[in-house]
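One structure is given here, and the rest of the page talks about it.
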Amino acid sequence: MEDEILKIENLQVSYGSIKAVKGISISVRKGSIVTIIGSNGAGKSTTLGAISGLTRPSGGKITFRDRDITRLGAARTSQLGISLVPEGRRIFPNLTVRENMMMGAYNRKNREEVQENFQTVFTLFPRLKERLKQPGGTLSGGEQQMLAIGRSLMANPDLIMMDEPSLGLAPIVVEEVFKAIQSLNNKGVTILLVEQNAAKALEISRYAYVLETGCVTLQGDAKKLLESEEVRKVYLGI
Amino acid sequence: MDPKTLLQNFVNGLSLGSLYALIAIGYTMVYGILRLINFAHGDIFMMAAYFTFFFVTLTQLPWYFAAIFAIASAAVLGFGVDRIAYKPIRKAPRISALITAIGVSFFLESLAVVIFSGIPRSFRTIFPQFLNEMIILGGHMEVKYGQEVILGGIRFPIISVVTLIVTAVAIVFLWWFIYKTKIGMAMRSVSVDIPTTSLMGVNVDRIIGMTFALGSALAGVGGILWAVRYPQVWPYMGFIPGMKAFVAAVFGGIGSVPGAVMGGLILGITEVMMVGLFPGAAGYRDAFAFFILIIILSVKPSGLLGKPELVKV
Ligand SMILES: Nc1ncnc2c1ncn2[C@@H]1O[C@H](COP(=O)(O)OP(=O)(O)O)[C@@H](O)[C@H]1O
Ligand SMILES: [Mg+2]
């Protein structure tokens, strides 16, 4: 595919003797939202961890913009333009909101562009602006999620991966987060989403994968999956 | 203790304590990031004193060049120790790192004996003489044996006052570095979450190396001041101050920089006061610090400003 920004081929990841991901292949097109759904322990976070360089794959190949990033490590991968919003938000509790965002912009050189990014994030999440001087640890769960997304935007990434961004949030905040994801995508950011909230995620996605115990069991057009018998029964509970 | 002696002891204790604080900061910063007690820290303190000594002796350049050179070398040495000894075993169990730290400490001490010889060398001529003279407040002039001498008054060595000032400047610099620079910010984020920091595109190993360098530079400052105070250098000079600074760091709450400063000051003052009150117990002054350590560990292991250790999931 020409406009393929991320390609995962036969990815395998093990924790000691436990095989968490058993040879999956995923493709993400530039400018799209792609979702991975699957129950707890299916290997979704492990997959994102392998792409971002936090976890070393035991086999397979990961290509980002025609470049092999399989064993690059987290820092280098992030510098190439992949940003992960980790499961559980992972805000730096001892750093202020402003510093958390500055951490996202750690390798940016152009101050003016960084200032513009601050404005972009404030437009998306106005509440963060009021909290700039507060330590990250004092924010509510929803605000922390906004900060986690905002922090990743500060790197100006080409691909953002989000690991269960709606987990544990109040319904109104979930709405806000999903709106933000869509509005980012409209600006041209490619998004790889991992979600428990399958209905909402599939609604906004172009393509989706279903992961079960480390294998892709189903994949296809998000709208089609949303209508498929299997997905409706297992993941939507209808 | 009369008020005059009390004041003298207080100033001397504060000055000694500020040296403990300077060293304790390095222990606590490394612990805050790696949960590692870097037992080689006291030996970097010693090395800085030797670097100063040989720089002055060999180049004949003034002491301030030597001090800058020695502090920079201590920083490089700290960085190097991390690279060579600790980085390769970053993912190993903590006990391996601890044993390595003790090994590095023995290595540096033995290296110093081999290179510099085990004989203490006088530091007296290295720095200006006036540092070891006394500041005298009050007192009265008398003529004895045909010479004018000042009797009475409150006295403390100039080096005590200089030590206090230098330490204060170093701590302000450290505060600025940790809270106002980008690298300082990364040090704070590394201390809470290494993987997430690396997700920000930060080379975590470099930040850890910088932490070693910064702590070692402060130990270097301490080593030079120490050598001026007791004017000599020898390969094992870092052992006792290093151990006491470690006690100070634990006392203040290991991982906390303000805690290390507080712990150092309190330890220095109580040590000098104890010797002042019970001159007969002066021989036990080193044991005293470890007695304090035992008490802290049994009463409040997290120290004055430390947080109780959270078990990492
Ligand atoms: N650090 C780890 N060590 C050992 N096993 C792990 C680790 N992380 C995840 N696993 C295991 O790998 C499998 C996949 O986990 P994960 O990728 O977190 O799933 P998901 O994100 O889909 O819930 C699970 O069986 C989990 O227990
Ligand atoms: Mg997960």
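This one's a predicted model, so the numbers in the text were calculated from it and none came from an experiment. All heavy atoms count here, side chains included; hydrogens, waters and symmetry mates do not. Below, read A as the first sequence line, B as the second, and so on, with proteins coming before strands; counting in each chain starts at 1.
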Residue, of A:Met102, A:Gln79, A:Met154, A:Glu99, that accumulates the most heavy atom pairs under 4.5 Å with chain B: A:Glu99
Verify the neighbour count for atom CZ of B:Phe106: are there more than 12 heavy atoms of other residues, nucleotides or ligands below 6.0 Å? no
Output for pair (B:Tyr179 OH, A:Leu95 CG), nearest 0.5 Å, gives 9.0 Å
Taking all non-hydrogen atoms of both residues into account, name the closest pair between A:Ser78 and B:Met200 and its distance. OG-C, 3.5 Å
Take atom NZ in B:Lys300; do more than 12 heavy atoms of anything else shown fall under 6.0 Å from it? yes
From B:Met185 atom CE to A:Phe92 atom CZ, the distance as rounded to the nearest 0.5 Å: 9.0 Å
Please check: side-chain N/O of A:Asn94 versus main-chain N/O of B:Arg188, any donor-acceptor pairing under 3.5 Å? yes
CZ (B:Phe177) with more than 12 external heavy atoms under 6.0 Å: yes
Flag the one option from B:Asn203, B:Val202, B:Val204 with the top tally of heavy-atom pairs under 4.5 Å to chain A. B:Val202
What do you reckon, is CD of A:Gln119 surrounded by more than 12 foreign heavy atoms closer than 6.0 Å? yes
Could you grab the distance from atom CD1 of B:Ile194 to atom CG of A:Leu54, nearest 0.5 Å is fine? 12.0 Å
Would you say B:Phe107 has more than 12 foreign heavy atoms packed within less than 6.0 Å of its CZ? no
Decide if atom CG of A:Asp68 counts as having more than 12 heavy atoms of other residues, nucleotides or ligands within a radius under 6.0 Å. yes
Reported CG-to-CZ distance for the pair B:Leu199 and A:Arg151, which is rounded to 0.5 angstrom: 8.0 Å
For A:Arg76, is it the side chain, the backbone, both, or neither that has a heavy atom closer than 4.5 Å to a heavy atom of chain B? neither
Looking only at A:Pro86, A:Gly73, A:Ala75, the option with the highest number of non-hydrogen pairs under 4.5 Å against chain B is A:Ala75
Would you say that more than 12 heavy atoms from the other residues, nucleotides or ligands in this model lie under 6.0 Å from the NZ of B:Lys182, or not? yes
